[in-house]
Amino acid sequence: MMQYTTIVMFFLALAVAAPAWGSTVQVTVVGDDGSPISGAEVNVAFLGYSGAEDRIVKATEDEGRYTATGTAALRINVAVEKDGYYRSYIERLSRKKDHDLPVVLRRKGNQRALHARKAFLYFPVNRTWLGYDLQVGDWVAPHGTGKVVDAEFRCDTEKTVFMDGKGRFEIRFPEGGGLHRVSTDAGYLPRSRMKMPHAAPGDGYEPILKRAEESFRNRNAEADIGYFFRSRVFLDPEGRVVSAHYGKILEDIRFSPRESGWHVSHRKMPKHFATVWFTYYFNPTPNDRNLEFDPEQNLFDSLEPNERVSDP
């Protein structure tokens with residue numbers, strides 16, 4: 001016991017003795033339209049082993065800028081907020097260099113009651129197209145209780161080694177529907193509490209998405225992207241959209257080609273050949289492209305804890 005205590009005290013002493021680094025953090029706060037935001041509260045935290053030195057100020061009135069200088073033994077975190085806007089948060093900045101951070105605050109608008117959930121779709125069959133109802137949140141018959149085919153999913157996987165696999169999945173939408181990819185160049189804000197733009201676009205939807213993976217580790221999933229989707233589309237004879245439903249997916253869709261086995265049998269889960277999971281929002285009002293979600297008005301009323309959504 002004495003030897004163990006000595007080792008622990010040695011590493012604690014090393015941690016305490018770790019050098020703190022001086023850094024300068026400059027924050028420039030702008031709105032969705034790129035114009036400077038004055039009066040935003042900026043909290044720059046220089047973190048150390050025995051606490052944090054916080055700087056809380058207002059952004060300058062003219063250019064939306066603020067500069068903080070401090071020392072951190074661990075890392076630097078930055079939070080920016082203002083009434084009427086969604087909070088932005090940047091964490092784990094290096095303590096060993098200076099930072100020049102452009103921060104976009106997305107304005108709060110008109111929140112909606114939406115169907116919102118973190119979906120985990122377990123493929124009950126392999127190499128077969130399966131319809132999924134986004135409003136119900138389940139496969140359509142005969143594999144679930146869904147009524148309308150908003151999109152179809154298909155996996156093509158094989159087991160490779162113990163508890164691993166490889167393969168791919170595809171998503172396809174009925175005529176007129178599809179996915180619209182949103183990157184940081186198109187308004188995706190990974191640092192904001194509301195990452196996606198307020199409303200879905202009227203066009204630019206691709207009917208098919210394909211993804212391959214060599215294991216369950218999701219190496220091919222992209223960072224800092226999301227999707228808008230369009231489904232339940234009715235077209236006029238000239239192919240123009242008369243009616244449609246819109247929704248959004250917060251981050252890239254994740255895919256695990258691993259086949260189920262002993263690791264799910266004790267949970268009373270059915271056998272499956274692959275899994276996709278993603279966080280989605282579905283607007284039940286036809287032709288309403290506003291997807292700014294009110295977390296207090298989720299139209300799904302019986303979600304499991306791991307399916308619940310709190311982001312707008």
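Heavy atoms only: backbone and side chains are in, while hydrogens, waters and symmetry mates are out. Throughout, numbering of the chain's residues begins at 1 and tracks the sequence.
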### Summary
By salt bridge (charged side-chain N to carboxylate O under 4.0 Å, His left out), R168 pairs with (sequence neighbours left out) E170

### Query
Does the side chain of L93 come within less than 4.5 Å of R75's, by heavy atoms?
no

### Heavy-atom side-chain contact between P124 and K271 under 4.5 Å
no

### Query
Of the non-hydrogen atoms in V125 and C155, which two are nearest, and what is the gap between them?
O-SG, 3.8 Å

### Query
Once you round to the nearest 0.5 Å, how far does NZ of K97 lie from CZ of R95?
12.5 Å

### Query
Is there a chain of hydrophobic side chains (I, L, V, M, F, W, Y, each step under 4.5 Å between heavy atoms) that links Y205 to L134?
no

### Message
Does N306 have more than 12 heavy atoms from other residues, nucleotides or ligands lying within 6.0 Å of its CG?
### Response
yes

### Task
If a pair satisfies side-chain hydrogen bond (donor to acceptor under 3.5 Å, both in side chains) and one of its residues is in residues 130-153, list it, with sequence neighbours excluded.
R117-Y132, D133-R232, Q135-R232, D138-T145, D150-S231, D150-R232, E152-R172

#### Entry: Residue pair I90 / L101, side-chain heavy-atom distance below 4.5 Å
yes

### Query
After noting the C-alpha distance and the side-chain angles of N298 and L303, does the key distance pass the side chain to side chain contact (heavy atoms under 4.5 Å, CB included) rule?
CA-CA 10 Å; N298 196 334; L303 296 176; 3.8 Å; yes

### Query
Looking at Y281, is K248 sitting on its ring face, NZ or CZ under 6.0 Å from the six-membered ring centre and within 45 degrees of the normal?
yes

### Test side-chain contact (heavy atoms from CB on, under 4.5 Å) applied to E81 - qualifying residues, sequence neighbours left out
E41, R87

### Task
Could you pull out the closest heavy-atom pair between A186 and P197, with the gap in Å?
O-CG, 4.2 Å

### Message
What I want to check is whether the side chains of D33 and S35 have a donor and an acceptor closer together than 3.5 Å.
### Response
yes

### Message
Are P201 and F228 packed together at the side-chain level, in the sense that at least one heavy-atom pair is separated by less than 4.5 angstrom?
### Response
yes

### Task
Kindly give the heavy-atom pair with the smallest separation between Q111 and P312, and that separation in Å.
NE2-CB, 4.3 Å

### CG-CD distance between N218 and E213, expressed to the nearest 0.5 angstrom
5.0 Å

### Query
Among pairs that include at least one residue of residues 84-119, which meet ring pair (Phe, Tyr, Trp, His ring centres under 6.0 Å), considering only residues two or more places apart or in two chains?
H115-F300

#### Entry: Any side-chain heavy-atom pair of T71 and F46 under 4.5 Å
no

### Pair D252 + R211, salt bridge at N-O below 4.0 Å
yes

### Query
Would one find more than 12 heavy atoms of other residues, nucleotides or ligands at under 6.0 Å from atom CZ of R107?
no

### Query
In Å and rounded to the nearest 0.5 Å, what is the NE2 to CD1 distance from H180 to I249?
13.0 Å

### Message
Quick check: closest heavy atoms across V140 and V148, and the distance to 0.1 Å?
### Response
CG1-O, 3.8 Å

#### Entry: Listed partners of D32 passing salt bridge (charged side-chain N to carboxylate O under 4.0 Å, His left out), at least two apart
R106

### Task
Kindly give the heavy-atom pair with the smallest separation between A40 and V80, and that separation in Å.
CB-CG1, 4.2 Å

### Query
Are side-chain heavy atoms of Y246 and F229 found at a separation under 4.5 Å?
no

### Query
Is the closest side-chain heavy-atom distance between V233 and S243 below 4.5 Å?
no

### Message
Quick check on the 6.0 Å ring-centre criterion: do H245 and F282 meet it?
### Response
yes

### Task
Begin from the C-alpha positions of L105 and K82 and carry the test side chain to side chain contact (heavy atoms under 4.5 Å, CB included) through to its verdict.
CA-CA 8 Å; L105 292 186; K82 184 179 181 178; 4.2 Å; yes

### Task
Applying side chain to side chain donor-acceptor pair (under 3.5 Å) between R112 and each of D294, N283, D288, report the one that passes.
D288

### Message
Working to the nearest 0.5 angstrom, can you tell me the gap between T28 OG1 and Q26 CD?
### Response
5.0 Å

### Task
Check the surroundings of atom CG in D100: do more than 12 heavy atoms from other residues, nucleotides or ligands lie under 6.0 Å from it?
yes

#### Entry: Shortest non-hydrogen separation from S88 to V103 and the atoms involved
CB-CG1, 3.7 Å

### Task
With side chain to side chain contact (heavy atoms under 4.5 Å, CB included) as the test, would you mind laying out the steps for N126 and R154 before giving the verdict?
CA-CA 7 Å; N126 202 12; R154 180 181 184 272; over 6 Å; no

### Query
Between F255 and F169, is a ring pair (Phe, Tyr, Trp, His ring centres under 6.0 Å) present by the stated rule, with each step listed?
CA-CA 8 Å; F255 171 53; F169 83 93; 5.0 Å; yes

### Query
Taking only residues two or more places apart in sequence or in another chain, which ones pass salt bridge (charged side-chain N to carboxylate O under 4.0 Å, His left out) with R254?
none

### Query
Looking at F278 versus Y280, is the centre-to-centre ring distance below 6.0 Å?
yes

#### Entry: Single-linkage hydrophobic cluster Y122~L130, side-chain heavy atoms < 4.5 angstrom
no

### Query
CD of E206 to CZ of R230: how many Å apart, nearest 0.5 Å?
11.0 Å

### Query
In terms of hydrophobic clusters joined by side-chain contacts under 4.5 Å, are M196 and I225 together?
no

### Query
Is there side-chain contact between L299 and P284, with heavy atoms separated by less than 4.5 Å?
yes

### Query
How many angstroms lie between CD1 in I76 and CD in E91, if you round to the nearest 0.5 Å?
13.0 Å

### Query
Can V27 and V78 be said to form a side chain to side chain contact (heavy atoms under 4.5 Å, CB included), step by step?
CA-CA 9 Å; V27 180; V78 178; 4.1 Å; yes

